[in-house]
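Notes to accompany the following structure.
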Amino acid sequence: MAEFEGVAFIRSDVERFCAELVGLAPAIRLRRLAELRVMLDSVVAAASRAAMADARGEGWGLRRIGQHAGMSHEQVRRLLVDVPSDSTAQGALDQDP
């Protein structure tokens, strides 16, 4: 799978960030990497929920959304349970994960 330009840009930023951690003590490196993972997971989860809500708003079924999102339709259903059906992408992004 080819990387989109934006994904490649983020990857290079993350790699640069990780390279800057190399000289730090292991405890500090691990803590900063854990913080990075939590932040990235939060941002990606919010963006995924927004994209799934938009797809549902366009009439996509849960199975189709799940196929494109790489998860089961039941996972999609659970993620979208709190997102109103007329939600916009920005509205879903504003919600806490």
Side-chain angles (χ1 to χ4, degrees):
M1 173 186 242
E3 282 188 356
F4 290 105
E5 185 176 323
V7 173
F9 177 77
I10 301 270
R11 176 185 291 274
S12 67
D13 260 6
V14 170
E15 288 172 349
R16 180 194 47 78
F17 174 80
C18 292
E20 291 173 1
L21 300 178
V22 170
L24 299 176
I28 295 170
R29 281 173 48 191
L30 291 169
R31 185 172 52 245
R32 290 192 180 159
L33 289 168
E35 291 171 4
L36 174 65
R37 177 177 291 154
V38 168
M39 184 275 307
L40 288 173
D41 287 347
S42 173
V43 169
V44 170
S48 293
R49 255 194 340 269
M52 287 187 266
D54 287 347
R56 185 175 66 177
E58 289 182 9
W60 287 29
L62 296 179
R63 290 183 193 275
R64 182 177 179 197
I65 295 169
Q67 180 182 16
H68 285 272
M71 61 182 64
S72 74
H73 69 283
E74 285 298 321
Q75 287 175 297
V76 172
R77 182 185 58 76
R78 284 191 295 274
L79 288 170
L80 292 178
V81 74
D82 294 331
V83 179
S85 59
D86 62 345
S87 170
T88 64
Q90 187 59 44
L93 281 172
D94 291 339
Q95 295 178 2
D96 288 335

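These numbers come from a predicted model, not from an experiment.
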Cluster link F17 to I28, ILVMFWY, side chain under 4.5 Å: yes
Flag if over 12 foreign heavy atoms under 6.0 Å of CD, E5: no
Interatomic distance, R78 atom CZ to S72 atom OG [nearest 0.5 angstrom]: 6.0 Å
Residue that, paired with L62, satisfies side chain to side chain contact (heavy atoms under 4.5 Å, CB included) out of M52, Q67, H73: H73
G66 to V76 - nearest heavy-atom pair and separation: CA-CG2, 3.5 Å
Any donor-acceptor pair under 3.5 Å from S42 side chain to V38 backbone: no
For the student: nearest non-hydrogen atoms of L80 and A53, plus distance: CD2-N, 3.8 Å
Spacing of NE2 belonging to H68 relative to CZ belonging to R63, to within rounding of 0.5 Å: 14.5 Å
ILVMFWY cluster, F9 and V43 together (side-chain gap under 4.5 Å): no
Shortest non-hydrogen contact from L24 toward R32: CD1-NH1, 3.1 Å
Distance under 6.0 Å and angle within 45° of ring axis: R56 vs W60: no
M71 and I65, any side-chain heavy atoms less than 4.5 Å apart: no
Single-linkage hydrophobic cluster L40~L30, side-chain heavy atoms < 4.5 angstrom: no
E35 side, atom CD; M39 side, atom CE - distance, nearest 0.5 Å: 10.0 Å
Within residues 24-54 or reaching into it, pairs that qualify as ring pair (Phe, Tyr, Trp, His ring centres under 6.0 Å) - sequence neighbours excluded: none
In one Ile/Leu/Val/Met/Phe/Trp/Tyr side-chain cluster, 4.5 Å: L33, I10: yes
